[in-house]
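Working notes, beginning with the structure itself.
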Amino acid sequence: MDNGEKKISSLFDGRTIFNIPEYQRAYAWGENQLFDFVSDIQNQKIDRSYFLGTVLFQEKGLEKNYEIIDIVDGQQRLTTIIIFMAVLIESLRIQVSNEEELEGIELLYETYVKHKKQFKLRALDEDNDYFHSYIIENNDGKTYIRTPAQRRLYNAKQFFVKFFSNLDKEELNSIRKKIDENSKVLVYSVEDTAEATLIFETTNDRGKSLTNLEKIKSFMMYKSYVAFEEAPEQLLNTIRARFSDIYKEYERYESKVDENSILQYHFIAHQKWAGKEYQQYVSKVKEKVNNFISEGKDAEALIFIDEYTKELKETFITVNEILNSKISYLRDIFILSRTGNFWPLLIKIFKFDESENKEKFSHIVHLLEIYSFRVYAVNQNRGNTGQSKLYTYAKDFLGDFDTLETLLINIISEYSSDNLFKSNLSDPYIYEWMSTRDLSYLFWKYENYLRTSKQPKSSPMSENEFVTNNSKYKLSIEHIASQTPRNTIIKDNSILPQISDEFKEQFLHSLGNLTIDPQSANSSKGNKDFDDKNEHYFKKAAFKTQNELQYYLINNEWSSGSIIKRKNKLIEFSLENWGI
């Protein structure tokens, strides 16, 4: 294929099949990119050329009279154009009737979508059949989505279906003309990997919007090309294969952790840094390689590149294994939703723990769960408290789990000593400053403690039950003596305390006066008196946390003494459960 500026129609015309090589990432465009794509087309004047950007191809030879072209750069745009044209063509088919127009539409289909029996684009192996069967062909593939990329492909098609559904025949033909006749791309076509690497780096790392992962990939390949005295094909193919695996691993995350964060966590865990250098993790990696090459240490540069890309692949695999781990303390850390400071350490200790059941890893994770709950949830420290120390522990860790355990115990004691932890839990206004989710977490753990240690024993409440967003089951925090009761005057048979100003100040929002309840049940209870709640809800409740409330009554009354007694019980439990 010739280089230079080309019309889109001439790019697709003829016996050309575009292939997305396995080292590329899967389809990644979302609604924002799709919206920008159609907006640009809509705002383009019909008599003006429209530039769609630069594409980089690598020629792979002939296959049954078809020229196979690997897309080195530009696969997101070209994939989108083909989906766009497939939906546009189907929309035109519905609105035209005469034979001449139909012939023109079928010619358009053969140019952009499918020539005879050959599809014009081959997607990655795991998505290729879905792309052809459900995105290009006019079938609904929603039921058969199996990968995140397939979901994005499906969403892209639906986005365009909705967009074209509001346009008449004249508007559809106007858009066809803008793409088929007026749109242009700048084409670079090469024959070998080394040349493709050189062009990709020099055209893409100069202000164009790439992810940091893509920048690292292109930089490492380009510097391998620069540092290698002989043909660098083997190393380049190795790097490509590693990033192919990285992209596949990342697709499985389903956006649980973003790729830039993983790159930074990898840098923190595996590179030598000082101060806040980890904030410039991309530039620091580049600087290291560039320094090797500028000092004439090409061999050292290649060793670093090889080691860095190997370890980076291992990190992406490790993150996936951590995300899917069933270790209970790890699941707790994710539930507490404060993982950023812990990820570098999690990655490093997971790699170093070679035991089958990851027992050493699990033990350290337990300490991190204690850290998260005591320092962030109860002590209300800022989100970056201890960050530099935790990052340093990750950087320096080389397998000494005992020393790491001591360091973590010391840092927990520093930021949340037992006395401070107890004092915070004793605060009479804990309900007003501790988040509902963190309070619910405390009572979830207490509920499971009661279920597994007090007769009659029962199955613990699962993670799924705790994190559900279903309002029927989602947990909320309920005041036992209500914040605004219907009647604050003690009746003859009432066990509700009189809600005086002193009671409000010292006991109403205390830990001892709180419990968990599903949101739906909480709203139905409203501000009913405690005796009503106790008789009709707590005694018969599914939660042991509520069932046991009757045992804290003093002279058959829920009083300040009851709240103090229960608060002390909850603090005793917390010191044992999150003790160091």
### Message
Tyr253: which residues meet the ring-ring contact (aromatic ring centres under 6.0 Å, His included) condition with it, sequence neighbours left out?
### Response
Tyr250
### Query
Taking side chain as C-beta onward, heavy atoms only, is Lys157 less than 4.5 Å from Leu153?
no
### Residue list, salt bridge (Lys or Arg N to Asp or Glu O under 4.0 Å) with Glu31, at least two apart or on another chain
none
### Message
Evaluate Lys184 against Ile8 for side-chain contact (heavy atoms from CB on, under 4.5 Å), listing each step before the verdict.
### Response
CA-CA 5 Å; Lys184 296 181 179 181; Ile8 282 287; over 6 Å; no
### Query
Just wondering, do Tyr23 and Phe243 contact through their side chains at under 4.5 Å, heavy atoms?
no
### Task
List the steps and the verdict of side-chain contact (heavy atoms from CB on, under 4.5 Å) for Asn128 and Phe119.
CA-CA 10 Å; Asn128 193 50; Phe119 290 96; over 6 Å; no
### Task
Would you please test Ser244 and Gln24 for side chain to side chain donor-acceptor pair (under 3.5 Å) and show each step?
CA-CA 6 Å; Ser244 173; Gln24 291 282 29; over 6 Å; no
### Summary
One should read off an interatomic distance between Leu121 CG and Ile69 CD1, to the nearest 0.5 angstrom, of 12.5 Å
### Query
So do the side chains of Lys169 and Glu101 get within less than 4.5 Å of each other, counting heavy atoms only?
yes
#### Entry: Validation row: Thr315, His270 side chains within 4.5 angstrom (heavy atoms)
yes
### Query
Less than 4.0 Å between a side-chain N and a carboxylate O, is that true for Lys248 and Glu251?
no
### Task
Indicate yes or no: does Lys474 engage Glu465 in a salt bridge with an N to O separation below 4.0 Å.
no
#### Entry: Within 6.0 Å of CZ in Arg151, more than 12 heavy atoms from elsewhere
no
### Message
So Lys284 and Gln271, do their side chains get closer than 4.5 Å, heavy atoms only?
### Response
no
### Task
Using side-chain contact (heavy atoms from CB on, under 4.5 Å) as the criterion, point out the one residue from Ile239, Ile303, Ile216 that pairs with Tyr308.
Ile216
### Task
Examine the side chains of Tyr66 and His115 and answer whether a donor and an acceptor come within less than 3.5 Å of each other.
yes
### Query
Mind checking what makes ring-ring contact (aromatic ring centres under 6.0 Å, His included) contact with Phe316, not counting sequence neighbours?
none
### Query
More than 12 foreign heavy atoms under 6.0 Å from NZ of Lys360: is that the case here?
no
### Query
Checking side chain to side chain donor-acceptor pair (under 3.5 Å) for the pair Asn290/Ser294: CA distance, chi angles, key distance, verdict?
CA-CA 6 Å; Asn290 286 332; Ser294 66; over 6 Å; no
### Task
Say whether, by atom type as modelled, one donor and one acceptor occur between the side chain of Thr147 and the main chain of Gln150 under 3.5 angstrom.
yes
### Arg25 and Thr211, any side-chain heavy atoms less than 4.5 Å apart
yes
### Query
Roughly how far, to the nearest 0.5 Å, is the CD atom of Glu369 from the CD1 atom of Ile333?
7.0 Å
### Task
Could you grab the distance from atom CD of Gln76 to atom CD1 of Ile20, nearest 0.5 Å is fine?
7.5 Å
### Task
Check each of Ile105, Leu107, Val113 against Tyr109 using the side-chain contact (heavy atoms from CB on, under 4.5 Å) test, and report the only one that passes.
Val113
### Query
Around atom CD of Glu354, are there more than 12 heavy atoms of other residues, nucleotides or ligands at under 6.0 Å?
no
### Query
Can you name the closest pair of heavy atoms from Leu236 and Ser224 and give their distance?
CD2-CB, 4.0 Å
### Task
Go through the steps to decide whether Tyr278 and Phe267 satisfy the test ring-ring contact (aromatic ring centres under 6.0 Å, His included), and finish with yes or no.
CA-CA 7 Å; Tyr278 54 79; Phe267 180 92; 7.9 Å; no
### Query
Going by an N to O cut-off under 4.0 Å, is there a salt bridge joining Lys223 and Glu300?
no
### Message
Phe292: which residues meet the ring-ring contact (aromatic ring centres under 6.0 Å, His included) condition with it, sequence neighbours left out?
### Response
none
## Note on the structure
Residues at least two apart in sequence or cross-chain that pass side chain to side chain contact (heavy atoms under 4.5 Å, CB included) with Phe35, listed by chain then number, are Ser39, Phe159
### Lys/Arg-Asp/Glu bridge criterion (N-O < 4.0 Å) met for Lys358, Asp353
no
### Query
Could you state the interatomic distance from CZ (Arg437) to OG (Ser337), rounded to the nearest 0.5 Å?
5.0 Å
### Query
Going by the angle between their ring planes, with limits at 30° and 60°, are Phe12 and Tyr112 parallel, tilted or perpendicular?
tilted
### Task
Check each of Phe361, Phe352, Phe350 against Phe397 using the ring pair (Phe, Tyr, Trp, His ring centres under 6.0 Å) test, and report the only one that passes.
Phe352
### Query
Any side-chain heavy atom of Phe131 within less than 4.5 Å of one from Ile136?
yes
### Query
Are side-chain heavy atoms of Phe334 and Ile322 found at a separation under 4.5 Å?
yes
### Query
So, do Phe18 and Phe57 have ring centers that fall under 6.0 Å from each other?
yes
### Task
Begin with the C-alpha distance, continue with both residues' side-chain angles, and end with the deciding distance and a verdict on side chain to side chain donor-acceptor pair (under 3.5 Å) for Asn320 and Asn324.
CA-CA 6 Å; Asn320 197 22; Asn324 291 297; 3.1 Å; yes
### Message
Please check if the number of heavy atoms outside Tyr144 that lie under 6.0 Å from its OH is greater than 12.
### Response
no
### Task
Inspect the contact between Lys114 and Glu110 and indicate whether a charged nitrogen and a carboxylate oxygen are less than 4.0 angstrom apart.
no
### Query
In terms of side-chain geometry, is the basic nitrogen of Glu181 or Arg176 positioned less than 4.0 Å from the acidic oxygen of its partner?
yes
### Message
For Tyr281 and His266: C-alpha separation, side-chain torsions, deciding distance, then whether side chain to side chain donor-acceptor pair (under 3.5 Å) applies.
### Response
CA-CA 9 Å; Tyr281 57 97; His266 177 78; over 6 Å; no
### Task
Kindly indicate whether a cation-pi arrangement holds for Arg152 with Tyr27, taking the cut-offs as under 6.0 Å to the six-membered ring centre and within 45° of the axis.
no
## Note on the structure
CD1 (Ile179) and CG (Leu52) are apart, to the nearest 0.5 Å, by 5.5 Å
### Task
Would you kindly check if the NZ (Lys) or CZ (Arg) of Lys142 is within the cone defined by 45 degrees around the ring axis of Tyr154 and under 6.0 Å from the six-membered ring centre?
no
### Message
Check Asp306 with Arg242, please: is the shortest side-chain N to carboxylate O separation under 4.0 Å?
### Response
yes
### Message
Using the salt bridge (Lys or Arg N to Asp or Glu O under 4.0 Å) criterion, which residues pair with Arg252? Sequence neighbours excluded.
### Response
Glu249
### Query
Salt bridge or not for Glu22 and Arg240, using N-O below 4.0 Å?
no
### Query
Where the side chain of Asp168 meets the backbone of Glu170, is there a donor-acceptor pair that is under 3.5 Å apart?
yes
### Task
For side-chain contact (heavy atoms from CB on, under 4.5 Å), just list the numbers for Val185 and Thr54, CA-CA rounded to whole Å, side-chain angles, deciding distance to a tenth of an Å, and then say yes or no.
CA-CA 6 Å; Val185 291; Thr54 302; over 6 Å; no
### Query
Could you give the distance from OG (Ser362) to CG (Leu330), rounded to the nearest 0.5 Å?
8.5 Å
